[in-house]
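Worksheet: one structure, shown below.
All ligand and atom numbering here is 1-based and tracks the order in the structure. Just so it is clear, the values below take in all heavy atoms, side chains as well, and ignore hydrogens, waters and symmetry mates.
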Amino acid sequence: MKYINLNREPFFAFNIWSIESAKAIMDAAGKTGHAVILQTSMKAFSRLDREALRFFVTDYGEKKKVQAYLHLDHCRQIGPIQEAVACGWDSVMIDGSDRPLEENIRLTNEVCGMTKGKGILTEAEVGQIGGVEDGIEAAQAGVARLEDVLEFLRNTDVDMLAVAMGTAHGLYGRVPKLHFDLIERISPLTGVPLVVHGGTGLSDRTLQRLMVCGNIRKINISTDVKQAYRQGIETGIQNGYMEKSGFDPLRMTDMIHETIEDMAVHKLNLLEKV
Ligand code: 13P
């Protein structure tokens with residue numbers, strides 16, 4: 001198995017829930033020449049045909065010469081992590097951010113023990129990231145404390161760390177205040193790649209600033225993928241693709257594919273401009 005190489009340019013990690021949505025993101029990766037992470041929320045992971053998705057991502061990636069990795073997003077229990085490891089996911093996120101720090105450290109170490117040496121990377125979270133991600137909600141969203149991040153990193157062998165820096169999952173009600181300073185303070189003290197959650201709704205400029213900020217190596221986008229799916233349906237209806245006579249489901253499928261792919265191409269092209 002190949003490791004995700006987090007030492008190069010940052011990755012966009014897009015949430016997907018089906019082979020069709022994975023294909024749209026992989027086509028965007030093919031068009032732009034950038035590698036992508038496809039991540040499944042716990043909700044998607046629990047209902048997907050995992051073997052079929054794993055097979056598709058590997059096979060289509062080889063055919064299209066696209067580097068795409070499968071990641072399990074926000075998981076709060078060990079059981080699904082074991083399943084993701086068994087199904088050949090390339091990385092997993094154990095989210096113990098709602099627990100006391102020592103407990104988060106213990107849980108993360110348990111997961112690292114399961115993934116190390118298998119070519120699978122582990123992501124963890126310190127400080128709770130606001131908003132709701134497919135049913136996973138932060139009870140006490142905020143900004144991580146530097147001393148907690150450092151203590152966490154001293155006591156775990158985690159491969160990447162999501163640090164609460166002011167972003168939130170879902171659509172923002174107003175422009176968020178991001179704590180770039182926190183990332184800038186953490187980064188010189190550790191080589192661990194950092195992850196930004198809540199990438200939807202951040203301006204292109206902000207995303208580009210994040211891409212070059214300290215050790216940030218992964219930026220998560222979920223709501224934008226779902227909104228693009230929704231936009232595809234809306235445009236299809238406006239184009240008359242839902243008229244009863246002569247209805248062709250493939251036209252609608254193509255429309256949805258196009259809107260998701262266009263959104264992802266736009267994000268991935270931002271990597272060229274930093
Ligand atoms: P958004 O839905 O805000 O893009 O957040 C995605 C995310 O961080 C997934 O973990």
Side-chain angles (χ1 to χ4, degrees), residues 4 6 10-17 21-22 24-25 28 36-46 48 69-77 80-81 84 89-98 111 121-139 141-144 158-179 183 193-204 206-208 210-211 213 216-231 259-260 262-268 270:
I4 303 176
L6 291 164
F11 279 91
F12 272 108
F14 296 98
N15 282 64
I16 52 100
W17 54 89
S21 52
I25 299 293
V36 283
I37 295 175
L38 307 168
Q39 46 188 29
T40 52
S41 69
M42 273 305 301
K43 197 165 155 190
F45 184 73
S46 62
L48 273 168
Y69 301 94
L70 270 173
H71 173 78
L72 179 66
D73 199 18
H74 293 284
C75 181
R76 287 182 168 163
Q77 296 101 27
I81 301 246
W89 259 230
D90 300 291
S91 56
V92 292
M93 177 183 191
I94 179 70
D95 179 357
S97 63
D98 60 334
V111 171
L121 301 186
T122 300
E123 176 181 339
E125 177 171 321
V126 172
Q128 291 190 54
I129 293 159
V132 186
E133 175 54 38
D134 254 3
I136 303 264
E137 184 169 7
V143 175
V158 78
D159 301 295
M160 44 183 158
L161 184 66
V163 176
M165 62 165 300
T167 57
H169 298 112
L171 297 170
Y172 291 102
R174 56 188 147 84
V175 179
K177 175 171 172 27
L178 304 195
H179 292 256
I183 302 296
L194 303 175
V195 181
V196 175
H197 284 242
T200 296
L202 302 180
S203 69
D204 290 353
T206 302
L207 287 172
Q208 286 176 316
L210 287 167
M211 285 169 192
C213 182
I216 292 176
R217 290 290 178 277
K218 177 172 177 271
I219 301 176
N220 288 0
I221 308 275
S222 174
T223 306
D224 266 336
V225 188
K226 296 174 196 161
Q227 291 293 322
Y229 179 94
R230 189 187 160 279
Q231 185 59 51
T259 49
I260 295 181
D262 287 353
M263 180 281 302
V265 163
H266 179 84
K267 303 285 182 209
L268 289 165
L270 296 175

- Sequence-distant partners of Ala24, side-chain contact (heavy atoms from CB on, under 4.5 Å), two or more places apart: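 Once residues adjacent in sequence are excluded, the partners of Ala24 under the side-chain contact (heavy atoms from CB on, under 4.5 Å) criterion are His257, Ile260.
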- Message: Tell me every residue that passes side-chain contact (heavy atoms from CB on, under 4.5 Å) with Asp224, counting only those two or more places apart in sequence or in another chain.
- Response: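 By the side-chain contact (heavy atoms from CB on, under 4.5 Å) rule, Asp224 matches Thr200, Ile221, Met263, Lys267.
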- Message: Taking ring pair (Phe, Tyr, Trp, His ring centres under 6.0 Å) as the definition, give me every residue that meets it alongside His71, ordered by chain and number, with sequence neighbours left out.
- Response: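 Not a single residue meets the ring pair (Phe, Tyr, Trp, His ring centres under 6.0 Å) criterion with His71.
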- Query: Taking Arg217 for the side chain and Leu6 for the main chain, is one N or O donor matched with an acceptor at less than 3.5 Å?
  - Reply: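 A pair under 3.5 Å: yes.
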- Would you give the length of the straight line joining atom CG of Asn15 to atom NE2 of His74, rounded to the nearest 0.5 angstrom?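 With rounding to 0.5 Å, CG (Asn15) is 8.0 Å from NE2 (His74).
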- Task: At a heavy-atom distance under 4.0 Å, which protein residues reach ligand 1? Sort them by chain and number, would you?
- Result: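 For ligand 1, the residues that come within the 4.0 Å heavy-atom cutoff are Asn15, Gln39, Asp73, His74, Glu133, Ala168, His169, Gly170, His197, Gly198, Gly199, Thr200, Asn220, Ile221, Ser222, Thr223.
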- With a 3.5 Å cut-off and no angle check, do the side chains of His169 and Asn220 form a donor-acceptor pair?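 Side-chain D/A pair, His169 to Asn220: absent.
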